[in-house]
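Scroll down for the structure; my scribbles are underneath it.
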Amino acid sequence: VQLQASGGGLVQAGGSLRLSCAASGRSFSYYDMAWFRQAPGKERELVAHIDWSNNKHYGDSMKGRFTISRDNAKKMVYLQMNSLKPEDTAVYYCAAYSSGPYYRSDSYQYWGQGTLVTVSS
């Protein structure tokens, strides 16, 4: 599976962005997918996870503001981010799950290149 993330950019606090992740390869619909983010000097953290049957999980600070979704026919994963805060500034990565706890980055086998989100105050 190859992944390409897009949609990052500069936005003011309180604004919204929608990230997209395009996947290539077979059997996309069977992969759990996730968005992670990494801010400078910080560890990579889970933003949102969606499994093959559309069950979703979110990082604590994202609940109620971010929404993950997928379109298996288009092999796409999306992250709608609302009410953005300066602390949401990070590089956002989409990833395809392999095995292990869904909230751990080392459970994911395939990674996109990342897209930078910058939220100004």
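In what follows, residues are counted from 1 in the order of the sequence shown.
Hydrophobic cluster membership differs between Ile50 and Leu46, with clusters built from Ile, Leu, Val, Met, Phe, Trp and Tyr side chains linked at under 4.5 angstrom. A continuous path of Ile, Leu, Val, Met, Phe, Trp and Tyr side chains, each step under 4.5 Å between heavy atoms, connects Tyr110 with Val47, placing both in one hydrophobic cluster. With hydrophobic clusters built from ILVMFWY side chains whose heavy atoms lie under 4.5 angstrom apart, Leu79 does not share a cluster with Tyr103. Two different hydrophobic clusters hold Trp52 and Tyr97 under the rule that ILVMFWY side chains link at heavy-atom gaps under 4.5 Å.
Within a 6.0 Å sphere centred on CD of Gln4, heavy atoms belonging to other residues, nucleotides or ligands number 12 at most.
Between Cys21 and Tyr93 there is no side-chain heavy-atom pair separated by less than 4.5 Å. With a 4.5 Å cut-off on side-chain heavy atoms, Leu3 and Trp111 do not count as touching. For the pair Ser120 and Val11, the minimum side-chain heavy-atom distance is 4.5 Å or more. For the pair Arg44 and Arg104, the minimum side-chain heavy-atom distance is 4.5 Å or more. Proximity of Gln113 to Gln2: side-chain heavy atoms (C-beta onward) are nowhere separated by under 4.5 Å.
For residues 53-84, every residue pair satisfying the ring-ring contact (aromatic ring centres under 6.0 Å, His included) rule, not counting sequence neighbours, is listed here: His49-His57, His57-Tyr102. For residues 64-75, the pairs satisfying salt bridge (charged side-chain N to carboxylate O under 4.0 Å, His left out) are Arg65-Asp88, with sequence neighbours left out.
Every residue two or more places apart in sequence or in another chain was checked for a ring pair (Phe, Tyr, Trp, His ring centres under 6.0 Å) with Tyr31, and none qualifies.
To the nearest 0.5 Å, atom CZ of residue Arg18 and atom CG of residue Asn82 are 11.5 Å apart. In this structure, OG on Ser105 lies 14.0 Å from CZ on Arg37, to the nearest 0.5 angstrom.
Proximity of a side-chain donor or acceptor of Ser107 to a complementary backbone N or O of Ser99 within less than 3.5 Å is detected. For the pair Ser29 (side chain) and Asn72 (backbone), a donor-acceptor distance under 3.5 Å is absent. At distances below 3.5 Å, at least one donor-acceptor pair connects side-chain atoms of Lys56 with backbone N or O atoms of Ile68. A distance-only check finds a donor-acceptor pair linking the side chain of Thr115 to the backbone of Gly8 [under 3.5 Å].
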- Item | Test side chain to side chain contact (heavy atoms under 4.5 Å, CB included) applied to Leu84 and Leu17, step by step | CA-CA 8 Å; Leu84 283 162; Leu17 276 177; 4.2 Å; yes
- Item | Test side chain to side chain contact (heavy atoms under 4.5 Å, CB included) applied to Gln80 and Ser69, step by step | CA-CA 8 Å; Gln80 178 66 44; Ser69 61; over 6 Å; no
- Task: List the steps, then state whether side chain to side chain contact (heavy atoms under 4.5 Å, CB included) holds for Ser20 with Met76.
- Result: CA-CA 7 Å; Ser20 300; Met76 296 290 295; 3.7 Å; yes
- Can Ser6 and Leu19 be said to form a side chain to side chain contact (heavy atoms under 4.5 Å, CB included), step by step? CA-CA 6 Å; Ser6 61; Leu19 305 184; over 6 Å; no
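Smallest separation of non-hydrogen atoms from Pro86 and Thr89: O-OG1, 2.9 Å.
Here the two rings, on Phe36 and Tyr108, have centers that are under 6.0 Å apart.
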